[in-house]
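A short write-up of the structure that comes next.
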Amino acid sequence: MSDTSIRDARSSRADSQVLPAAVLFDMDGTLVDSEKLWTIAMDDFAAANGAEISDAARARMVGSNMARSMSLLLTDLGMSTEPTDIAAAAERVIARMSEMLASDLSWRPGAESALRAVTSNGIPTALVTSTIRSLTDIALRTIGPDTFDVTVCGDEVDGRNKPDPEPYLRACGELGVDPAHCVAVEDSPTGVASAVAAGCTVLGVACEVPLAPDSGCVLRDSLEGVDLDELAALFARS
């Protein structure tokens, strides 16, 4: 769509809708079905060390950044959590994830069409993920490297990862928009807490871990059928 067509589409919609200034998307478990790949990578690491990961540890790792996830993993397996041990574990998990993200990544239900509905109407977008940049860039080969106006990764927020609001605040700052005028789309309690704390209106679509009704987001079973009209209505109700 040309810039003129985009402006015309936004203008015609503006007559009847209040559009969000931007839509901010989480990646793992929200746009792409990569949480299962993380599970495989973590299980492979645990098995190589003669152990299994507890369900409680799995749940705590969802939505976390690499350093925290590795610390949780090693603690759960009864292994040393010295910085060198965390770095070594991360190196192995990253190598396994790199392989799978390059060959086995798929969209979450409805995610691709929902994302395209936003971008095709000229609404600014950001990818706000706890995943490190090197792995995010591999995933973007599937999602589309030029899809987002801004991408904020887990190793780019000075250690202030989700549930801290910094990732969403940073994305909004780079886009030049007020978080209160934005919609964020998340799947995990950690991510929802981050977006809510930043002041965004949040659409929650649970993947691996349930989202509580009182988590501060509007809940949906999937992104199937989500379009700009629904996102605009969600923003207008906030």
Side-chain angles (χ1 to χ4, degrees), residues 20 22-42 55-66 68-69 72 97 100-101 104-119 125-132 135-136 138-140 142-144 147-148 151-154 157 161-168 171 179 182-227 230-231 234-235 238:
V23 181
L24 319 171
F25 292 91
D26 172 55
M27 186 175 75
D28 297 291
T30 299
L31 287 178
V32 290
D33 207 7
S34 49
E35 289 293 357
K36 65 176 62 174
L37 304 183
W38 283 106
T39 297
I40 293 170
M42 299 293 188
D55 290 340
R58 290 184 197 279
R60 288 195 296 271
M61 284 188 280
V62 173
S64 294
N65 68 310
M66 178 62 72
R68 182 170 185 270
S69 291
L72 289 167
M97 281 298 298
M100 292 188 290
L101 286 173
D104 301 320
L105 192 62
S106 60
W107 291 91
R108 291 286 295 157
E112 184 175 14
S113 61
L115 177 59
R116 304 308 173 208
V118 174
T119 57
T125 57
L127 185 68
V128 185
T129 177
S130 293
T131 298
I132 61 175
L135 293 179
T136 299
I138 297 173
L140 282 171
T142 295
I143 300 170
T147 299
F148 301 98
T151 60
V152 176
C153 298
V157 291
N161 298 91
K162 301 174 185 179
D164 191 285
E166 176 61 17
Y168 280 100
C182 297
V183 172
V185 187
E186 272 283 357
D187 75 295
S188 71
T190 300
V192 168
S194 173
V196 169
C200 301
T201 297
V202 184
L203 177 62
V205 183
C207 180
E208 297 294 324
V209 179
L211 295 173
D214 61 352
S215 58
C217 65
V218 175
L219 298 176
R220 210 177 190 280
D221 291 336
S222 81
L223 288 175
E224 290 183 326
V226 170
D227 56 17
E230 181 169 343
L231 292 174
L234 172 68
F235 173 68
S238 64

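- T30 is linked by a side-chain hydrogen bond (donor to acceptor under 3.5 Å, both in side chains) to D26, D187, counting only residues two or more places apart in sequence or in another chain.
- Scanning for side-chain hydrogen bond (donor to acceptor under 3.5 Å, both in side chains) contacts around T142 gives an empty result, with sequence neighbours left out.
- Listed by first then second residue, pairs satisfying salt bridge (charged side-chain N to carboxylate O under 4.0 Å, His left out) with a partner in residues 28-37 read D33-K36, D33-R108, not counting sequence neighbours.
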Under 3.5 Å donor-acceptor pairs involving side-chain atoms of residues 206-218, not counting sequence neighbours:
{"residue": "S215", "atom": "OG", "partner": "A212", "partner atom": "O", "Å": "2.8"}

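- With contacts defined as side-chain heavy-atom distances shorter than 4.5 Å, the pair V183/L24 does not qualify.
- Between E112 and I143, every side-chain heavy-atom pair lies at or beyond the 4.5 Å cut-off.
- Applying the side-chain hydrogen bond (donor to acceptor under 3.5 Å, both in side chains) rule to T201 yields the partners S238; only residues at least two apart in sequence or on another chain are considered.
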Name the atoms and distances for all side-chain donor-acceptor pairs under 3.5 Å in residues 55-63, with sequence neighbours left out.
{"residue": "R58", "atom": "NH1", "partner": "D43", "partner atom": "OD1", "Å": "2.9"}
{"residue": "R58", "atom": "NH2", "partner": "D43", "partner atom": "OD1", "Å": "2.8"}

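- Residues passing the side chain to side chain contact (heavy atoms under 4.5 Å, CB included) test with V205, sequence neighbours excluded: L203, R220, L223.
- The side-chain hydrogen bond (donor to acceptor under 3.5 Å, both in side chains) search around S130 returns none, not counting sequence neighbours.
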query = What do the steps show when you test F148 against T119 for side-chain contact (heavy atoms from CB on, under 4.5 Å), and what is the final call?
reply = CA-CA 8 Å; F148 301 98; T119 57; over 6 Å; no

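- Side-chain N or O atoms of K162 include none that pairs as donor or acceptor with a backbone N or O of G154 at under 3.5 Å.
- Using a 4.5 Å heavy-atom threshold, the side chains of P167 and S194 count as touching.
- The distance from atom CZ of R116 to atom OG1 of T125, rounded to the nearest 0.5 Å, is 9.5 Å.
- Across all non-hydrogen atoms, the minimal contact from M42 to S69 is CE-CB, 4.1 Å.
- Separation of atoms CD1 (I40) and CG (D104) is listed at 7.0 Å; rounding is to 0.5 Å.
- In this structure, the side chain to side chain contact (heavy atoms under 4.5 Å, CB included) partners of V196, at least two apart in sequence or on a different chain, are V192, V202.
- In this structure, the side chain to side chain contact (heavy atoms under 4.5 Å, CB included) partners of T136, at least two apart in sequence or on a different chain, are M27, L127, T129, T131, L140, C153.
- Residues R68 and N65 approach most closely at CB-OD1, 3.2 Å, considering heavy atoms.
- Looking at Y168 and V157, their side chains never come closer than 4.5 Å, going by heavy atoms from C-beta outward.
- Under the side chain to side chain contact (heavy atoms under 4.5 Å, CB included) criterion, A197 pairs with P165, sequence neighbours left out.
- Remark: the backbone N or O of L37 is not paired with any side-chain donor or acceptor of S34 at under 3.5 angstrom.
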query = Should W38 and L135 be marked as a side-chain contact (heavy atoms from CB on, under 4.5 Å) after you check the CA-CA gap, both sets of side-chain angles, and the distance that decides it?
reply = CA-CA 11 Å; W38 283 106; L135 293 179; 3.7 Å; yes

